[in-house]
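This report refers to the structure that appears directly beneath it.
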Amino acid sequence: MSDVEVFHEKQRLELCAIHALNNVLQERVFTKETADDICKRLAPQCVVNPHRSVLGTGNYDVNVIMAALQSRGLAAVWWDKRRSVLQSLYLEKVQGFILNVPSRVSLGIVSLPLRRRHWLAVRQVNGQYYNLDSKLKGPVCIGGETELRSFLKEQLSQDVAEMLLVVQREVEDDGTWLIPDNPGK
């Protein structure tokens with residue numbers, strides 16, 4: 001499959017949350033302006049908005065991602081990484097994944113000894129899962145379900161990594177993103 005068939009926005013400023021949203025949706029839906037509008041709705045009385053960078057360069061928090069997904073009839077389900085088995089995910093019900101992972105800070109070619117949080121998307125396109133991290137030059141094919149589960153396990157093994165499942169609102173409501181435990185447990 002050609003990379004041309006997979007939508008992938010590249011990193012600009014601190015807009016990784018917007019890029020992750022658009023990459024998981026596979027189209028350009030959200031912009032800095034729409035994210036800023038969401039921030040204003042979330043904290044209308046605040047002079048300094050707690051949901052984005054005070055510099056106005058992005059760095060949006062999870063509340064903005066959740067509100068953006070809700071505006072599209074979707075939901076973000078937080079994956080409790082204390083669950084030992086990613087096998088309990090019902091992948092057919094999950095539209096994609098948005099991960100928040102530690103990321104190195106660099107100025108040009110110089111890598112600084114700092115780590116910040118970074119949003120990235122993972123999504124299935126034509127039967128293959130792709131890492132759609134906006135810091136990558138293009139989409140990177142992860143493979144099938146087995147490779148996806150290994151990739152997610154590796155990402156979540158980082159102490160501060162978090163994962164959101166992107167699902168239809170009904171899937172969130174009825175909990176069908178999770179394969180039920182054995183009734184005997």
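Each residue takes its place number in the sequence, starting with 1. Just so we're clear, the structure is a prediction, and the values are computed from it rather than from any experiment.
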Do Arg28 and Asn22 meet the criterion of a side-chain donor-acceptor pair at a distance under 3.5 Å?
no
Quick check: closest heavy atoms across Thr176 and Lys93, and the distance to 0.1 Å?
O-CG, 3.4 Å
Out of Leu178, Leu164, Leu152, which residue meets the side chain to side chain contact (heavy atoms under 4.5 Å, CB included) rule with Trp79?
Leu178
Steps toward salt bridge (Lys or Arg N to Asp or Glu O under 4.0 Å) verdict (Arg41, Asp37):
CA-CA 6 Å; Arg41 285 198 314 269; Asp37 287 344; 5.8 Å; no
Phe151 and Asn131, any side-chain heavy atoms less than 4.5 Å apart
yes
To the nearest 0.5 angstrom, please state how far the CG atom of Leu69 sits from the CG atom of Leu25.
6.5 Å
Would you say that Trp119 contacts Leu99 through its side chain, given a criterion of any heavy-atom pair below 4.5 Å between the two side chains?
no
Carefully, step by step, assess His19 and Asp133 under the rule side-chain hydrogen bond (donor to acceptor under 3.5 Å, both in side chains).
CA-CA 8 Å; His19 302 315; Asp133 185 344; over 6 Å; no
Please report the shortest heavy-atom distance between Val24 and Val122, naming the atom on each side.
CG2-O, 3.9 Å
Less than 4.5 Å apart, side chain to side chain, heavy atoms only: is that true for Gln95 and Val167?
no
Determine whether more than 12 heavy atoms belonging to other residues, nucleotides or ligands lie under 6.0 Å from atom CE of Met163.
yes
One should read off an interatomic distance between Tyr129 OH and Leu148 CG, to the nearest 0.5 angstrom, of 5.5 Å
Measure across Ala75 and Glu172 and return the closest heavy-atom pair with its distance rounded to 0.1 Å.
CB-OE1, 3.2 Å
Indicate yes or no for a side-chain donor-acceptor contact from Lys10 to the backbone of Lys137 under 3.5 Å, with no hydrogens or angles considered.
yes
Take Gln168 and Val171, measure what side chain to side chain contact (heavy atoms under 4.5 Å, CB included) needs, and give me the verdict at the end.
CA-CA 5 Å; Gln168 294 293 320; Val171 171; 4.1 Å; yes
Is any side-chain heavy atom of Leu89 closer than 4.5 Å to a side-chain heavy atom of Trp177?
yes
For residues Gln128 and Gly144, report the shortest heavy-atom separation together with the two atoms involved.
OE1-N, 3.9 Å
Charged N-O contact under 4.0 Å between Asp173 and Arg169:
no
Does the side chain of Glu162 come within less than 4.5 Å of Trp78's, by heavy atoms?
yes
Using every non-hydrogen atom in the two residues, find where Phe30 and Ile18 come nearest and quote the distance to one decimal.
O-CG2, 3.3 Å
Just do the side chain to side chain contact (heavy atoms under 4.5 Å, CB included) check on Ser134 and His118 with the steps written out, would you?
CA-CA 9 Å; Ser134 59; His118 176 67; 3.7 Å; yes
Check ion pair Glu154-Arg149 (N to O, under 4.0 angstrom)
no
Has Gln158 got a side-chain atom pairing as donor or acceptor with Gln155's backbone, closer than 3.5 angstrom?
yes
Hey, are the side chains of Gln26 and Leu132 touching, using non-hydrogen atoms and a 4.5 Å cut-off?
yes
Do Asn23 and His8 have side chains that get closer than 4.5 Å, going by heavy atoms?
yes
Nearest 0.5 Å, what's the CG-CZ distance between Asp61 and Arg117?
11.5 Å
Contact check, side chains of Val29 and Leu21, non-hydrogen atoms, under 4.5 Å:
no
Between Gln11 and Cys16, what is the shortest heavy-atom contact and its length?
OE1-CB, 3.4 Å
